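Report on one structure; see the data block that follows.
Not measured: the values here are computed from a predicted model. The chains referred to below are lettered A, B, ... by the order of the sequence lines, with proteins before strands, and numbering in each begins at 1. The basis for the numbers below is simple: all heavy atoms, side chains too, and nothing from hydrogens, waters or symmetry mates.
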Protein chains: 2
Amino acid sequence: MQKRDAKSELIHVGMELFSTQGYNATGIGAVLKKAGIPKGSFYHHFRSKEEFGLAVIEEFATRFLARLDVFLSDEQTSPLNRLKIFFEKGLERLADHECTVGCLIGDLGQELAARDGQLRNRLDAILLSWRERFAACIREAQQSGELEKSLDPHRTAGFILSGWEGAVLSAKVRKSPQPVREFLDILFATVLRKP
Amino acid sequence: MQKRDAKSELIHVGMELFSTQGYNATGIGAVLKKAGIPKGSFYHHFRSKEEFGLAVIEEFATRFLARLDVFLSDEQTSPLNRLKIFFEKGLERLADHECTVGCLIGDLGQELAARDGQLRNRLDAILLSWRERFAACIREAQQSGELEKSLDPHRTAGFILSGWEGAVLSAKVRKSPQPVREFLDILFATVLRKP
DNA sequence: CAGCAAGAGTAGACCGGTCGGTCTATGGAG
DNA sequence: CTCCATAGACCGACCGGTCTACTCTTGCTG
């Protein structure tokens, strides 16, 4: 396994710790210790904890988007099934991690909602861009007859996304993937029911 | 206006600050300062920050339950409309607070999900009890013909609750009540559609 | 009724630890 | 030599909690 450079290692560890503990409960001391990198290096690469946080969420969002692309651009699969498979995979990963890791963007969004800094603005923008992706897939599903034309793609995408975030939150609190299981079952049986 | 006793004042301020800033980002120093109560009094009433946190969520849950009761027990209103009115009122209050205050239980649940202490367990139990309340109302709506008999009341209640938490989270990140508006519209047009 | 004792409650200085950030020194690469 | 990167001691502030001192209230006894 190739050794990462210091900056990447910090970001990687940041993703891990922010995902499990949250932003405020994670001091940079813990990040440094886990990454085995001294403080001077940290402040050479990042001017502040906030700038570090931004780098972490950018990395996470990039990876998430890459994964979203793999699933939502799969032309061998019908649009509605792309959505379904994407979320089912998400459920699998949640269960594999024993519900300790949710969605970093949603988690940090909640935790940092009261702040006015760059972090919250960036999180908001990321959530909106994801929503656009889902909306595009919903539009495709409508064009192929899988979903009713009366559904508003943007609003429905927002519904799905926030519903997903809420279900993941519940799974983390309950330490069980069941809330996500139930969310998906009902979502595809009602909102995303085939005509 | 009647002056509260010290303990109640602390709990009240705790609800306020935890709701806007979160648990970890709120030091007890800030609570004490805002309440105008010295530290010795704090530790006389609460053995620790965690015990204080428990008292705060119990107070919040009690108030929330009382409000839930007012709406869900209103026999002048049909069961489905009770749900609708309850959430519409919730949306109003969210907008009145300019999306700075969400649902304390959901927020703390997310923030403290990684912990093993009493706080997370209590939060989990509260969410489950709320789910039972919603399930009972859904059952009533089914019996009165407002909802399809094929809906599972428990699962549907869980769906609604986690969807609501996710929508409120989005509203806070976006600083707009729109996600909740959209959540409610779609929920009542699809999942809770009348037969 | 007055005085006393015990318990409840208030008050804030103090403690060790952690926090995010600063700064000086050093080493390595080009 | 210069620039980039590493290294870690140090700083003031804040953290949750401890502890001693003091005040107030209540109940009991003489």
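Smallest separation of non-hydrogen atoms from S162(B) and S170(A): CB-OG, 3.5 Å. When all heavy atoms of F46(A) and E51(A) are compared, the pair lying nearest together is CA-OE2, 3.6 Å.
Scored by the ring-ring contact (aromatic ring centres under 6.0 Å, His included) test, F18(A) finds Y23(A), F52(A) as partners (sequence neighbours excluded). Every side-chain hydrogen bond (donor to acceptor under 3.5 Å, both in side chains) that R82(B) has, sequence neighbours left out, goes to E140(B). For T77(B), the side-chain hydrogen bond (donor to acceptor under 3.5 Å, both in side chains) partners at least two apart in sequence or on another chain are D74(B). Partners of H154(B) according to the side-chain hydrogen bond (donor to acceptor under 3.5 Å, both in side chains) rule, which considers only residues two or more places apart in sequence or in another chain, are E132(B). Applying the salt bridge (Lys or Arg N to Asp or Glu O under 4.0 Å) criterion to E146(A), with sequence neighbours excluded, gives no partner residue.
E50(A) and S48(A) form no side-chain donor-acceptor contact under 3.5 Å, judged by distance and modelled atom types alone.
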In residues 185-195 of chain B, what donor-acceptor pairs under 3.5 Å come from side-chain atoms, sequence neighbours left out?
from	atom 1	to	atom 2	distance (Å)
D185(B)	OD1	R181(B)	NE	3.3
D185(B)	OD1	R181(B)	NH2	3.1
D185(B)	OD2	R155(A)	NH1	3.3
D185(B)	OD2	R155(A)	NH2	3.2
T190(B)	OG1	I186(B)	O	2.6
R193(B)	NE	A189(B)	O	3.1

Show me the donor-acceptor pairs, under 3.5 Å and distance only, between side chains in residues 98-110 of chain A and residues at least two apart or in other chains.
from	atom 1	to	atom 2	distance (Å)
T100(A)	OG1	H97(A)	O	2.8
D107(A)	OD2	K172(A)	NZ	2.9
Q110(A)	OE1	K172(B)	NZ	3.3
Q110(A)	NE2	D107(B)	O	3.4

Protein-nucleotides 21-25 of chain D N/O pairs under 3.5 Å:
none

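Using cut-offs of 30° and 60° on the angle between ring planes, the pair F159(A) and F159(B) is tilted.
Atoms CG (L10(B)) and C1' (dA11(C)) sit 13 Å apart, rounded to a whole Å.
Within residues 46-60 of chain B, no residue approaches DNA chain C, by heavy-atom distance under 4.0 Å. Contacts of residues 21-32 of chain B with DNA chain C (heavy atom under 4.0 Å): none.
Every pair passing side-chain hydrogen bond (donor to acceptor under 3.5 Å, both in side chains) that includes a residue from residues 117-127 of chain A is listed here, sequence neighbours excluded: E58(A)-R122(A).
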Scoring nucleotides 2-9 of chain D by protein non-hydrogen atoms under 4.0 Å (B base, S sugar-phosphate only, - none) yields ---BBBBB

